[in-house]
Amino acid sequence: MTPPDTAHHAGTRPGALIQTRADRHLAAGQWLLSAEQDMQRARKDWADNGITLLRCGTLVTAVRLAAALVYAAADSDDLRDVDAYLGQALFGGPVFADTRWHLYYALVPEGTDRLLPWSYGSGDAECLGPNAYLGVPDPTRTDPGVGFSYWCVPPTPRRFAAPRRSPSS
């Protein structure tokens, strides 16, 4: 039997390497921290507190969503159902929840804050650009029952959240 945290070759495709959860977390952490000047501090924050402060506007640009809005869109307030909904609706793009303040954050491509729809602002949704800082959980935090912040849809390097386009788009 293969230990769960080791890579092995997939039986369906000869030579295909399966990436372990630990490897995915490490890659996602490196990717997120590439936006940070003081990577040592950020790593220490993750190790000590499970969360670190990253500046928005470079790699990390986020859309902050009120939980009530997300629950309405998902037609549920069950966290597991909401997480599944977000994964589908945003094509697997990274999203984390702040359960203390009842907010969700979807990581979106840099420059999203400069697009016209975000110039109007809203109490339920706001794009955080270069003048904002964001408390980002460690990529290993994927359980809603641990701490105040967790990844609903864990990050994958260079993948961003994108809403589904309507058929007329």
Side-chain angles (χ1 to χ4, degrees), residues 4-7 17-67 69-70 73-74 79-80 82-115 117-118 121-122 124-164:
D5 261 354
T6 61
L17 189 64
I18 295 178
Q19 192 178 32
T20 67
R21 179 178 295 169
D23 289 340
R24 288 191 303 273
H25 291 317
L26 182 63
Q30 286 295 107
W31 175 64
L32 289 169
L33 293 181
S34 69
E36 180 54 45
Q37 289 183 354
D38 189 352
M39 291 174 81
Q40 299 256 131
R41 178 209 42 90
R43 276 194 186 93
K44 183 172 177 0
D45 287 348
W46 271 345
D48 294 347
N49 308 312
I51 194 164
T52 193
L53 200 59
L54 298 179
R55 186 169 190 251
C56 292
T58 56
L59 169 77
V60 180
T61 299
V63 174
R64 178 175 52 213
L65 302 163
L69 178 68
V70 175
L79 296 181
R80 299 285 183 196
V82 171
D83 296 353
Y85 168 80
L86 288 170
Q88 289 180 339
L90 299 175
F91 296 112
V95 181
F96 67 90
D98 179 331
T99 57
R100 180 186 314 181
W101 297 105
H102 308 286
L103 296 167
Y104 284 82
Y105 295 88
L107 300 189
V108 295
E110 187 277 324
T112 299
D113 59 301
R114 295 188 300 273
L115 297 175
W118 294 110
S122 163
D124 291 331
E126 179 182 6
C127 194
L128 306 175
N131 295 323
Y133 286 83
L134 187 59
V136 177
D138 182 303
T140 63
R141 295 217 170 190
T142 57
D143 184 350
V146 178
F148 292 111
S149 191
Y150 76 99
W151 288 98
C152 311
V153 183
T156 299
R158 294 172 294 288
R159 175 181 251 169
F160 294 98
R164 256 191 204 139

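Because the structure is predicted, anything quoted here is derived from the model rather than measured. Any value given below was found using the heavy atoms of this structure, including those in side chains, with hydrogens, waters and symmetry copies removed.
- Closest non-hydrogen pair, Glu36 versus Ala42, comes out as CG-CB, 4.0 Å.
- Minimum interatomic distance between Cys127 and Thr61 (heavy atoms only, all atoms of both residues): SG-CG2, 3.9 Å.
- Here the CG-CZ distance, from Leu134 to Phe96, works out to 4.0 Å after rounding to the nearest 0.5 Å.
- Using a 4.5 Å cut-off on side-chain heavy atoms (C-beta onward), Glu110 and Arg114 make contact.
- Under the 4.5 Å side-chain criterion, counting only non-hydrogen atoms from C-beta, Val82 is in contact with Tyr104.
- With values rounded to the nearest 0.5 angstrom, Leu32 atom CG is found 6.5 Å from Leu59 atom CG.
- Of all non-hydrogen atoms in Ala62 and Leu107, the two that sit nearest each other are CB-CD2, 4.1 Å.
- The two residues Pro139 and Pro155 come nearest to each other via the heavy atoms CB-CG, 4.2 Å.
- Side-chain contact between Tyr150 and Thr99 is present, with at least one heavy-atom pair separated by less than 4.5 Å.
- Considering CG of Leu69 and NE2 of His102, their distance stands at 15.0 Å, rounded to 0.5 Å.
- Here His25 contributes atom NE2 and Thr140 contributes atom OG1; the two are 6.0 Å apart, rounded to the nearest 0.5 Å.
- Judged by distance alone, the side chain of Trp151 and the main-chain N or O of Pro137 form a donor-acceptor pair under 3.5 Å.
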Only pairs under 3.5 Å count here: list side-chain donor-acceptor contacts from residues 45-54, not counting sequence neighbours, and write none if there are none.
unit_1	atom_1	unit_2	atom_2	d
Asp45	OD2	Arg41	NH1	2.6
Asp45	OD2	Thr52	OG1	3.2
Trp46	NE1	Val136	O	2.9
Asp48	OD2	Lys44	NZ	2.5
Thr52	OG1	Arg41	NH1	3.2

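- Under the side chain to side chain contact (heavy atoms under 4.5 Å, CB included) criterion, Val153 pairs with Leu86, Val95, sequence neighbours left out.
- Considering only residues two or more places apart in sequence or on other chains, Arg80 meets the salt bridge (charged side-chain N to carboxylate O under 4.0 Å, His left out) condition with Asp143.
- Using modelled atom types, one side-chain atom of Arg55 and one backbone atom of Pro130 make a donor-acceptor pair closer than 3.5 Å.
- For the pair Pro157 and Ala27, the tightest heavy-atom approach, listed with the atom from each and the gap, is CG-O, 3.6 Å.
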